[in-house]
Amino acid sequence: MKRLARIILLLFAIILMVASCGDEPDGKWDKMKWDDLSGLTKENGIYVVPAAGGSYTFRCKNYKPWIDHCECDYQMAHYSPTLVYCVWFVVACENNDVTVSFAPMDDLTKPRHLTVVLTAGDIFDQFHFEQRP
């Protein structure tokens, strides 16, 4: 009788494990879909930002993203999941909107580069920017 109880318990545990598995394996989430509200032009996958700077918004249609990290030239950035800032840029996430703001370039003669990496759990996307003098 003890053996039968152990077998039933083992079968119950196996059924419970199989039933708790999701249909989608890790990494198989739908890609982030974006409404580009920025008005910026793109060259080879890089958004071109004018020397005068400005604020540019991108709206995610299927997730509420947050900031994973940023890669930038010149300055160390300060991070939180919804705000990254340094001397020449700010990235803010609010609900489905990601807004990237750039300061004017002043007297710089070389372009500045920024990559914003966003996540919504097990899905990632990124934006590349180049601010030109």
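In what follows, residues are counted from 1 in the order of the sequence shown.
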Passes side-chain contact (heavy atoms from CB on, under 4.5 Å), Val98 versus Leu118? Steps please. CA-CA 9 Å; Val98 177; Leu118 302 159; 3.9 Å; yes
Side chain to side chain donor-acceptor pair (under 3.5 Å) against Ser38, all qualifying residues, sequence neighbours excluded: Asp36
List in chain and number order the residues that pass ring pair (Phe, Tyr, Trp, His ring centres under 6.0 Å) with Phe102, two or more places apart in sequence or in another chain; answer none if no residue qualifies. Phe129
Residue pair [X] / [Y]: nearest heavy atoms and the distance that separates them:
X      : Y      : answer
Ile67  : Leu83  : CD1-N, 3.7 Å
Leu40  : Val48  : CD2-O, 3.3 Å
Lys31  : Ile123 : CA-CD1, 4.1 Å
Gly121 : Trp66  : N-CH2, 3.4 Å
Pro65  : Ala120 : CA-CB, 4.4 Å
Thr109 : Pro133 : O-CG, 3.4 Å

Using a 4.5 Å side-chain heavy-atom cut-off and chaining through intermediate ILVMFWY residues, the residues clustered with Ile46 come out as none
Go through Glu94 and Arg59 one step at a time and tell me if the salt bridge (charged side-chain N to carboxylate O under 4.0 Å, His left out) criterion holds. CA-CA 10 Å; Glu94 186 173 344; Arg59 180 166 293 141; over 6 Å; no
Heavy-atom distance under 4.5 Å between the side chains of [X] and [Y], does that happen here?
X      : Y      : value
Val90  : Val100 : no
Phe89  : Arg112 : no
Asp125 : Trp34  : yes

To the nearest 0.5 Å, what is the distance between CD on Glu130 and OG1 on Thr115? 10.5 Å
To the nearest 0.5 Å, how far apart are CG in Asn95 and NZ in Lys64? 5.0 Å
Show your working on side-chain contact (heavy atoms from CB on, under 4.5 Å) between Ser101 and Tyr56 and close with a plain yes or no. CA-CA 6 Å; Ser101 301; Tyr56 308 97; over 6 Å; no
I'd like to know if the side chain of Thr99 pairs up with that of Ser55 as donor and acceptor (distance under 3.5 Å, no hydrogens or angles considered). no
Distance only, no hydrogens: is a donor on one side chain within 3.5 Å (strictly under) of an acceptor on the other, for Glu71 and His69? yes
If you take the centroid of each ring, where Trp contributes its six-membered ring, are Tyr47 and Phe58 closer together than 6.0 Å? yes
